[in-house]
Number of protein chains: 2
Amino acid sequence: MKGAARARRRERLPRDERMAEIMVAARQVFCSKGYEAASTAEIAVAAGVVEGTLYRYFPTKRDLLIKVVEEFYEAILSDYEAQLKGVRGTWNRLRFMIWKHLSVMHADPDMCRLIVHELRPWPEYRRSRIFRLNQRYTQSTLAVIREGIAGGEFREDVPLRIVRDMIFGAAEHHTWAHLRKEGEFSPDAAADAITNLIYQGLERRGHPARSSGVELNRLERAVQRLEGLATPRRRKRRSA
Amino acid sequence: MKGAARARRRERLPRDERMAEIMVAARQVFCSKGYEAASTAEIAVAAGVVEGTLYRYFPTKRDLLIKVVEEFYEAILSDYEAQLKGVRGTWNRLRFMIWKHLSVMHADPDMCRLIVHELRPWPEYRRSRIFRLNQRYTQSTLAVIREGIAGGEFREDVPLRIVRDMIFGAAEHHTWAHLRKEGEFSPDAAADAITNLIYQGLERRGHPARSSGVELNRLERAVQRLEGLATPRRRKRRSA
DNA sequence: GCCATTTAATGAGTGCAACTCACTTAGTGT
DNA sequence: ACACTAAGTGAGTTGCACTCATTAAATGGC
């Protein structure tokens with residue numbers, strides 16, 4: 001009894017390392033085939049272990065996906081709040097958040113598809129860490145709107161929940177085709193359009209002086225011209 | 001050999017009738033348990049047939065769901081366009097469409113959940129009838145926006161696709177908890193809020209004179225930011 | 001009314017994929 | 001060297017979507 005059958009490596013790793021290896025393999029397979037089409041057998045092979053081993057670390061295939069997504073999500077959000085602190089002004093802050101959100105979806109459509117189309121509809125979603133992380137995330141959007149209200153830029157009767165739903169709903173619908181690899185979109189252009197629509201939608205109307213006019217028009221055009229010039233590629237921060 | 005085992009009814013129906021009966025039963029089961037948890041065995045029992053019979057009418061379980069949803073969707077949309085014709089004015093027409101959409105989700109959360117959370121993420125969705133029905137549906141929303149532009153109520157540079165994504169995205173996010181039976185919402189209140197936000201967001205701004213300080217301020221800042229980004233470095237791409 | 005033909009309906013399979021568990025053996029501390 | 005711990009195994013089991021050879025209810029020609 002030997003030959004090919006006996007060729008298995010059988011090297012043993014500490015719990016954390018093996019777990020990490022499985023998660024890397026699982027992410028790979030989930031991303032390339034989607035949740036349903038990814039079989040535990042395939043993930044096991046990719047991880048260099050046998051199927052039963054997966055179940056020593058993750059109670060179910062679903063839990064495995066959840067863990068993989070949690071890891072991804074935490075990495076995304078880790079520096080998010082810090083970055084937001086560096087942006088001033090309601091419009092800019094709003095725009096940054098929307099842009100950031102769209103950019104993640106643009107950069108990692110596979111993982112985002114897993115979150116949005118596979119994991120989120122599950123019943124256990126609301127009990128998962130991802131749900132809570134996401135709440136914190138959308139909360140900061142509302143905080144920006146509240147600042148806008150407090151500062152007098154926005155109306156006082158803004159329906160906060162609806163605004164949040166609009167921003168994230170718009171982002172989701174807009175990126176939908178891209179997540180399925182059936183289309184493209186520009187995070188920059190979309191962020192501008194969404195931000196402007198929301199901003200104008202919330203703006204306090206007929207204040208002291210009436211809005212707009214020649215001056216505004218001129219600036220709006222300048223913005224548009226510059227927006228076109230600013231290549232999406234370049235994101236370097238200008239040193240003070 | 002007889003008794004209970006021989007008690008089967010075995011009555012034969014014409015194709016259409018049997019198909020209809022199966023679809024009624026399937027809808028019932030799908031709605032109450034969700035797609036995954038609904039087993040073909042259970043649907044068969046509910047329809048008063050044996051499992052194999054299902055497969056004489058529907059090639060797969062997925063196809064069965066698709067047919068069930070198509071039937072529902074067509075019923076919903078059948079009189080929709082006619083009703084819309086009876087509403088006058090951009091704001092009213094917009095409001096009617098959003099309200100109608102939300103009302104359907106409110107009235108039939110189970111079916112809507114099947115569409116939004118289960119069926120739509122599937123790869124075959126874009127080839128299904130539902131996709132095309134949905135397109136026609138969202139098209140009519142855009143038509144209303146275009147009327148608004150043509151009539152001078154809305155700005156000319158409205159990003160149509162984004163507006164559509166915002167309306168339907170907002171509706172979807174807003175109804176999300178309700179579809180999962182984890183929350184409630186008011187179609188009327190939500191329709192008002194969304195319509196107003198969109199309407200104000202698209203509105204053509206004051207022709208009159210002076211600009212508001214806030215708006216100017218925002219634009220001035222945007223211009224400054226963009227001036228920084230648009231460095232002289234980049235010229236148009238050289239044609240090959 | 002009787003048989004031939006058609007086809008609705010059956011139900012005992014098949015195959016595949018998630019998940020289990022009694023066992024094996026690589027590492028470790030003494 | 002030796003016992004002990006726990007990582008890893010792989011041959012199951014289970015459950016479900018789906019198949020197919022067979023049965024028999026309706027239909028129609030004579």
> If only atom types and distance count, is the side chain of A:Arg93 paired as donor or acceptor with the main-chain N or O of A:Leu84 below 3.5 Å?
Replying inline: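 Side chain of A:Arg93 to backbone of A:Leu84, a donor-acceptor pair under 3.5 Å: yes, one is there.
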Within less than 4.0 Å of OP1 or OP2 of [N], is there a side-chain N or O belonging to [X]?
X	N	value
B:Arg15	C:dT7	no
A:Thr40	C:dA17	no
B:Ser39	D:dC16	no
A:Tyr57	D:dG8	yes

For atom [atom1] of [X] and atom [atom2] of [N], their distance in whole Å:
X	N	atom1	atom2	value
A:Ile22	C:dC19	CD1	C1'	15 Å
B:Glu36	D:dA17	CD	C1'	11 Å
A:Arg62	C:dC19	CZ	C1'	14 Å
B:Leu54	C:dG11	CG	P	13 Å
A:Glu51	D:dA11	CD	P	12 Å
A:Asp16	D:dA6	CG	P	14 Å
B:Glu21	C:dA8	CD	P	14 Å
A:Tyr55	C:dC23	OH	P	22 Å

> Is it true that B:Phe131 and B:Tyr73 have ring centroids separated by less than 6.0 Å?
Replying inline: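 No, too far apart.
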> Given the side-chain rings of A:His117 and A:Trp176, with only the six-membered ring counted for Trp, is the space between their centroids under 6.0 Å?
Replying inline: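 Yes: the rings meet the under 6.0 Å criterion.
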> Would A:Arg27 and A:Asp108 pass as an ion pair if we require N to O under 4.0 Å?
Replying inline: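 So A:Arg27 pairs with A:Asp108 through a salt bridge.
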>> Regarding A:Ala38, tell me which of base, sugar-phosphate or nothing describes its non-hydrogen contacts under 4.0 Å with the strands shown.
In response: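 Contact class for A:Ala38: sugar-phosphate only.
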> Toward the 5' end of DNA chain C, which comes first, A:Lys61 or B:Pro14, by nearest nucleotide?
Replying inline: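 In this pair, the answer is B:Pro14.
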>> If you go through the side-chain atoms of B:Arg18, does one of them form a donor-acceptor pair with the base of C:dA9 closer than 3.5 Å?
In response: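 Looking at the base of C:dA9, it does not pair with any donor or acceptor on the side chain of B:Arg18 (distance under 3.5 Å).
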>> Is the terminal nitrogen or CZ of B:Lys61 (NZ for Lys, CZ for Arg) located under 6.0 angstrom from the six-membered ring centre of B:Tyr35 and within 45° of that ring's axis?
In response: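 Verdict for B:Tyr35: a cation-pi partner in B:Lys61.
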>> Here's a test of your reading of the structure: between B:Arg56 and B:Thr60, which maps to the more 5' nucleotide of DNA chain D?
In response: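 Mapping each residue to its closest nucleotide by heavy atoms, the 5'-most match is B:Thr60.
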